[in-house]
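Just so you know, ligand 1 is whichever comes first in the structure, and atom 1 is the first atom listed for that ligand. Starting from 1, each residue takes its place in the sequence as its number. Note that these values count all heavy atoms, side chains included, but never hydrogens, waters or copies made by symmetry.
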Amino acid sequence: MSDVGTGTQTMPEVESAFDEIEVDAPLVGIIMGSKNDKPKMQPAGEALQDLGIRFEVRVMSAHRDPETVRDYCMNARMRGLKVIIAGAGMSAALPGVAAAHSDLPVIGVPISGKNLGGLDALLSAAQMPPGVPVACVAIDGAKNAGLLAGRIINA
Ligand code: RP5
């Protein structure tokens, strides 16, 4: 397995990363629409940790914090990120908005909610218009998002 992303810096624990600490030289940005999405997104971080790939975690909603999302995604490549993992529930705009503002690979994670079991988020993340590519994993499929990010980085 490649050690890309590990560098000489210490990898933070997954739980610390999900407290949104600053991480040195992350290769993957894990973003999500609500702090309430964290438990369902944590498997993405665990998969990346197992692969030795450095990641950072940020909460930002495409609907509630549109400027933050735009700025983060527009600066992602310049900051050295290689992949963005974007998780959101309900009308899950975050993956598509991330792909609209960055030419990095974006992996969407539809998160199950109270009312529609995640079908709302699945369709929102998967049914992207031509020109806005998002690789959508299963509902609550954050583990596969982390594994896929690793495969992209190690390709
Ligand atoms: C989405 O709305 C979030 O990704 C979350 O899954 C859902 C509900 O957000 P909260 O009301 O729990 O903050 O934007």
Asks: Taking both backbone and side-chain atoms of S61, is any N or O found less than 3.5 Å from an N or O belonging to ligand 1?
Replies: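 N/O-N/O distance under 3.5 Å: no.
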
Asks: Is there a polar contact between ligand 1 and G89, counting only N or O atoms under 3.5 Å apart?
Replies: yes

Asks: Identify, for atom 5 (C) of ligand 1, the protein heavy atom at the shortest distance, and state residue, atom and that distance.
Replies: D37 OD1, 3.4 Å

Asks: Check each of G33, S91, S34 against atom 10 (P) of ligand 1 and report the one with the nearest heavy atom.
Replies: S34

Asks: At a 4.0 Å threshold, what atoms of ligand 1 neighbour a non-hydrogen atom of A88?
Replies: 4 (O)

Asks: Looking only at protein heavy atoms, which one is nearest to atom 8 (C) of ligand 1, and what is the separation?
Replies: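 In this structure, atom 8 (C) of ligand 1 has M90 SD, 3.9 Å as its nearest protein heavy atom.
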
Asks: According to a hydrophobic-cluster definition based on side-chain heavy atoms being under 4.5 Å apart (Ile, Leu, Val, Met, Phe, Trp, Tyr only), do Y72 and I85 belong together?
Replies: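 No, it is not one cluster - the side chains of Y72 and I85 are not joined through contacts under 4.5 Å.
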
Asks: For a 4.5 angstrom cut-off between non-hydrogen side-chain atoms, does V69 reach S61?
Replies: no

Asks: Check ligand 1 against N36 and write out every atom of the ligand that is under 4.0 Å from a heavy-atom position of the residue.
Replies: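 Heavy-atom distances to N36 below 4.0 Å select 10 (P), 12 (O), 13 (O).
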
Asks: Given V59, which of M41, R64, K38 fulfils the side-chain contact (heavy atoms from CB on, under 4.5 Å) condition?
Replies: K38

Asks: Minimum heavy-atom separation for S124 and S91, please, with both atom names.
Replies: OG-CA, 3.7 Å

Asks: Answer yes when R58 and E22 have at least one side-chain N-carboxylate O distance shorter than 4.0 Å, and no when they do not.
Replies: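 Yes, R58 and E22 are salt-bridged.
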
Asks: Are D24 and R54 side-chain neighbours, meaning at least one heavy-atom pair lies under 4.5 Å?
Replies: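 Result yes, sub-4.5 Å side-chain heavy-atom pair found.
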
Asks: Is there a nitrogen or oxygen of H63 sitting under 3.5 Å from a nitrogen or oxygen of ligand 1?
Replies: no

Asks: State whether the number of non-hydrogen atoms from other residues, nucleotides or ligands found under 6.0 Å of E13 atom CD is greater than 12.
Replies: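 Open: at most 12 neighbouring heavy atoms sit under 6.0 Å from CD of E13.
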
Asks: Provide, to 0.1 Å, the distance between atom 11 (O) of ligand 1 and the closest protein heavy atom, together with that atom's residue and name.
Replies: R64 NH2, 3.2 Å

Asks: Applying a strict 4.0 Å limit to heavy atoms, is I111 in contact with ligand 1?
Replies: no

